[in-house]
Amino acid sequence: MAGRRFRGAIMTEKYIPQTIEARWQKRWEETRLYHVDDDVPNPYFFLTMFPYPSGDLHIGHWYAYTPSDARARYLRMKGYDVMLPIGFDAFGLPAENAAIKHGIHPYQWTMRNIERMRQQLRSMGAMWDWEREVVTCQPEYYRWTQWFFLQFYKHGLAYRTRSAVDWCPNCNTTLAREQVWGEDRHCERCGTPVTKKELEQWYLRITRYAEELLRHDGINWPERVVTMQRNWIGRSEGAELIFRSEQGDDIVVFTTRPDTVYGATFMVLAPEHPLVNRLTTPDRRAAVEEYVAAAQRRTEIERLAVEKDKTGVFIGAYAINPANGERIPIWIADYVLMGYGTGAIMGVPAHDERDFAFAKEYGLPIPVVIRPPDWNGEPLTEAYTGEGPMVNSGPFDGMNSREGIKAVTAYLEARGLGRPAVTYRLRDWLISRQRYWGAPIPIIYCPQCGTVPVPEEDLPVLLPEDAEFLPTGESPLKYHEGFRRTTCPQCGGPAERETDTMDTFICSSWYQMRYVSPHYDKGPFDPKAARVWLPVKQYTGGIEHACMHLLYTRFFTKACRDMGLLDHDEPMLNLFNQGIVLGEDNEKMSKSRGNVVNPDDYVRTLGADAVRAYLMFIGPWELGGSWNSRGIEGISRFLNRVWGLVLDPTPRQGSATGEERERRIAEVWRATHKTIRTCTEHMEGFRFNVYIAALMEYTNTLLRLREAGLGGTEAWSEAIRTLVLLLAPITPHLAEELWERIGGAYSVHQQRWPEWDERLAADEMITLVVQVNGKVRDRLQVPADIAADDAKALALASAGAKRHMDGKTVRDVIYVSGKLVNIVVR
RNA sequence: GCCGAAGUGGCGGAACGGUAUACGCGGCGGUCUCAAAAACCGCUGGAGGCAGACUCCUUGUGGGUUCGAAUCCCACCUUCGGCACCA
């Protein structure tokens, strides 16, 4: 024992986290402790969303990475060959903005940050296999990002089209629908409200997978994420009906209520609808054009702001209601959106709130075709959107509207005027970005041959290093002649490259595949390694990616499967979303609030293990919690107590002998096996906070039992070994150091997870709770294996119970084995 | 408006049909010290009671189911997220 006598007590060497942490990090790396090969018997791919190399590791990174590391370490001790990789999502705007602001090249800026972050990440003491690191901005990576684009293009899953798209005026680029958030339609990245621009852009056909993306079969994801994705995809079942204009054009509308078609008294087209121009009559043209122009000028925010008032213009044309042959006017109004359904609706004012408001505004008739309950034929004061018997609906009168939906659709389908249809809210994924720092879209435009994909053997299309970064709001690639001008791979004539780059969410849609063989150069991944590791068994990360990254990567996986690249349907089988760490003031950490906690400061003073353990102790992982500087000191005290306990079994005063000693030894065994059981259960459930609480309790118990002087007994040695093993996932450095000091073989992280024996964990005596009518009236110490009748008899005789049974009749006595007796009296 | 999550001591939280408040923080008292800090030990939901015994109250609110409810069911309130003129 390394220690010296001092004032009668053994003073063990002090716990100095900084020294032992640095030492073990070095040793782990030198011995390649965390490297896993592909020929392992029990592969387990554990992944946490990789970071953007912003240049500084904040508390959020620690909160994402250290609990997941603890879980991965546990699985490893359970016998899995865990692959826990790390890398960098390295393309993106901040690098380019730094280039504009500080004149440093995005590549330099990014690689410098990565170098710095590698050091900070290492300080966490996580079991990452750095040999598998991926960096998405390096040509050996983005070559395959481009390759994927080409496969999507070949299979008809990538296309280019012109339309009104979301534009972030601050980021100076277009965004995908998923990347525009909130009521004020702001940019997900920078918070600036977006505007609309009419542009020709590249899209990936994610909508082709809408139906399959709605199903989360075979994966265990939080209900929250599943619901968010379902809402986002927004499936609506109904029918497409054809209203023929008097000029003979078919106007297709989508409706979820074909049963109400007899009540359609007008039609509304979106102002941008392609038929508007053709159908508008000369006398209405001026008014229509004015309205269309006004609608275009209006941002989405303004359109939202005028939600209550419906506006619109009659275009002079009429259409025929396909159900009853009636002639109904065609209007345009901006409450009908070109981007949803067919951009045209039938107006059924009696049974749709928006149509009702519109009809009221413009004096259009509101005939009832679904009878509301208790309706006497008077005009409606508001739309009735419920079910009911159909009326004024020709052959369908009397039919319930629920059946009417199918019946009317079939009736119109038979006449060639409709068919059942499903519409989704999900749009195709806009992937063009008007920025430099991303993977160039590998497409060439040839005046002779048109749109020509870059041949696979010519990949990667490299980003030119000498681009000029000016705050013009346009991609430097557009003005880089050397990049832009090229020759057509088909005809050899002069041609131009696409100058937009890809959304960085493409890079992260397939990074899990790259980790299985990060340096493979015959494809994006080695199929052999992919069969070993994919799909990811456990994925963890923030909920903010529910409808972006997590949807995109599912789409990628399904598309890859259909292209014959993968043989599984889902990228990640299990998902866990951690919460957010708030500042000491319970507010979100931000520089402007001045409540930012710098983890490096605490690593320096209290050690990485204390930071890790504290973050896991703060509360349930999925809920996050507030930082508390006193709280982490409490954890630090705990680790110091553990240190002293493990290294010094000497009682502070006296020790137990004889029977007393035997009782203490039994207590040690019991505490040990109970703790293994509790901790294992909590680790299985990601309940790190209670896991640590159980370890604290165990430590407190052992500190008390140390006074019995049990050093040298088998029970004590086992208890100490167990404590260190259970500590290993949470505080890997401290556990490794203690493991070595108690004579364990390197490494503690290669030990088997301890198992518990129910018999050893079982109590000899229990506290039997005595209730009268459900209220606790007494507590009795009884043997754990007490017979039911004995327990009942003891309870009935107990002083506490008697006090409350006075003069009352016992109606029933309920015994819950090993727990309580409830005496029911009246 | 629709969908989801959450409301428990002074604070973070535990228990999720059977001892409410584990564990930690804070507070109070003590040991050590000339003193303080650190460390360690004890007490700590509220009310009544001099105190122990004991009694009553307490898991957002109000009902219900049950021998027994923080836990299950119904209604409501609050907070936080997502969606929202989606036809």
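So that the names make sense, note that chain A is the first sequence line, chain B the second, and so on, each numbered from 1. The figures that follow rest on heavy atoms only: side chains count, while hydrogens, waters and symmetry mates do not.
Among the protein residues, A/Gly234 comes within range of no part of the nucleic acid, since none of its heavy atoms lies under 4.0 Å from any strand. Within 4.0 Å of A/Ser626, counting heavy atoms only, lies no atom of the nucleic acid at all. The residue A/Glu697 sits close only to the backbone: its heavy atoms come under 4.0 Å of sugar-phosphate atoms, none of a base. Residue-level contact check: A/Arg704 touches neither bases nor backbone, having no heavy atom under 4.0 Å from any strand. As judged by a 4.0 angstrom heavy-atom cut-off over every strand, A/Arg630 is placed among residues touching the sugar-phosphate backbone only. Using a 4.0 Å heavy-atom distance criterion, A/Arg230 is classed as making no nucleic acid contact. Nucleic acid contact class of A/Arg706 (heavy atoms, under 4.0 Å, all strands): none. Here A/Arg803 lies in heavy-atom contact (under 4.0 Å) with sugar-phosphate atoms only.
With a cut-off of 3.5 Å on both Watson-Crick or G-U wobble distances, the partner of B/rA14 is given as none. Across all strands shown, the partner of B/rG29 is B/rC41, judged by Watson-Crick or G-U wobble contacts whose two distances both fall under 3.5 Å. Base pairing analysis places B/rA75 opposite B/rU61; the two distances defining the Watson-Crick or G-U wobble pair are each below 3.5 Å. Under the Watson-Crick and G-U wobble criteria, each requiring two contacts below 3.5 Å, nucleotide B/rG1 is paired to B/rC83. With a cut-off of 3.5 Å on both Watson-Crick or G-U wobble distances, the partner of B/rA22 is given as none. Under the Watson-Crick or G-U wobble criterion, with both distances below 3.5 Å, B/rC34 has no partner in any strand shown. If you check B/rG52 for Watson-Crick or wobble pairing at under 3.5 angstrom, you find it has no partner at all.
Distance A/Leu582 CG to B/rA6 C1': 14 Å, rounded to the nearest Å. Per the geometry, CZ belonging to A/Arg177 stands 13 Å off C1' belonging to B/rG82, to the nearest Å. In this structure, OH of A/Tyr424 is placed 17 Å from C1' of B/rA87, rounded to the nearest angstrom. As a whole-Å value, the separation of A/Phe617 CZ from B/rC25 P is 8 Å. Atom-to-atom, CG of A/Asn640 to P of B/rC40 comes out at 8 Å; the value is rounded to the nearest Å. Rounded to an integer number of Å, the gap from A/Ile766 CD1 to B/rG18 C1' is 12 Å. One can place CG of A/Leu623 at 8 Å from C1' of B/rA6, the figure rounded to the nearest angstrom. Between the C1' atom of B/rC23 and the CZ atom of A/Phe688 lies a distance of 17 Å, rounded to the nearest Å.
Between A/Asn628 and B/rC11 there is no side-chain N or O to OP1 or OP2 distance below 4.0 Å. Contact annotation: A/Arg425 reaches the phosphate of B/rA84 (side-chain N/O to OP1 or OP2, under 4.0 Å). Contact annotation: A/Arg637 side-chain N/O to B/rC25 OP1/OP2 distance is under 4.0 Å. Between A/Lys775 and the phosphate of B/rC57, there is a side-chain N or O to OP1/OP2 separation shorter than 4.0 Å. Regarding contacts with the backbone of B/rA15, a side-chain N or O of A/Arg687 is found under 4.0 angstrom from either OP1 or OP2. The shortest distance between the side-chain N/O atoms of A/Ser236 and the OP1/OP2 oxygens of B/rA87 is below 4.0 Å.
Within residues 812-826 of chain A, the residues that have a heavy atom under 4.0 Å from RNA chain B are, in order of number, A/Ile814, A/Val816, A/Lys819, A/Leu820, A/Asn822, A/Val824. Near RNA chain B, meaning a heavy atom under 4.0 Å away, the residues from residues 343-353 of chain A are A/Ile345.
Because its NZ or CZ atom is not both nearer than 6.0 Å to the ring centre of A/Tyr815 and within 45° of the ring axis, A/Lys792 does not count as a cation-pi partner of that residue. Taking the ring axis of A/Trp232 as reference, the NZ or CZ atom of A/Arg425 stays within 45° of it and closer than 6.0 Å to the ring centre.
The gap from the P atom of B/rC56 to that of B/rG60 amounts to 22 Å, rounded to the nearest Å. Only the P atoms considered, B/rG42 is 30 Å distant from B/rG49, to the nearest whole Å.
Ranking B/rU19, B/rG24, B/rA87 by closeness to the A/Thr767 side chain, first place goes to B/rU19. Nearest to the side chain of A/Tyr335, among B/rA87, B/rC85, B/rC56, sits B/rC85. Here the nucleotide nearest the side chain of A/His804, chosen from B/rU55, B/rG82, B/rA87, is B/rU55.
Ion pairing of A/Arg687 with A/Glu681 is absent here, as no side-chain N (NZ or NE/NH1/NH2) approaches a carboxylate O to less than 4.0 Å. At a threshold of 4.0 Å, the pair A/Lys674-A/Asp763 counts as salt-bridged, since one of the basic side-chain nitrogens sits closer than that to a carboxylate oxygen.
Glycosidic torsion of B/rG26 falls outside 90° of 0, placing the base in anti.
Ring pair A/Tyr362/A/Trp331 is tilted by interplanar angle, where 30° to 60° counts as tilted.
Annotation: A/Tyr602 is in aromatic contact with A/Trp627 [ring centroid separation under 6.0 Å].
In the model, A/His216 has no side-chain atom that pairs as donor or acceptor with a side-chain atom of A/Arg230 under 3.5 Å.
Here the side chain of A/Arg777 pairs no donor or acceptor atom with the backbone of A/Ser798 at under 3.5 angstrom.
Counting all heavy atoms, side chain and backbone alike, A/Phe638 lies closest to A/Leu695 at CE1-O, 4.0 Å.
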- Query: For A/Glu633 and A/Arg630, what are the C-alpha separation, side-chain angles and deciding distance, and is it a salt bridge (charged side-chain N to carboxylate O under 4.0 Å, His left out)?
  - Reply: CA-CA 5 Å; A/Glu633 284 167 29; A/Arg630 306 305 299 266; 3.5 Å; yes
- Message: What verdict does the side chain to side chain donor-acceptor pair (under 3.5 Å) test give for A/Thr767 and A/Gln781, after you've listed the backbone C-alpha separation in whole Å, the side-chain angles of each residue and the deciding distance to 0.1 Å?
- Response: CA-CA 5 Å; A/Thr767 304; A/Gln781 289 303 118; 2.9 Å; yes
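Side-chain atoms of A/Pro67 and A/Gln578, non-hydrogen and from C-beta on, never get closer than 4.5 Å to each other.
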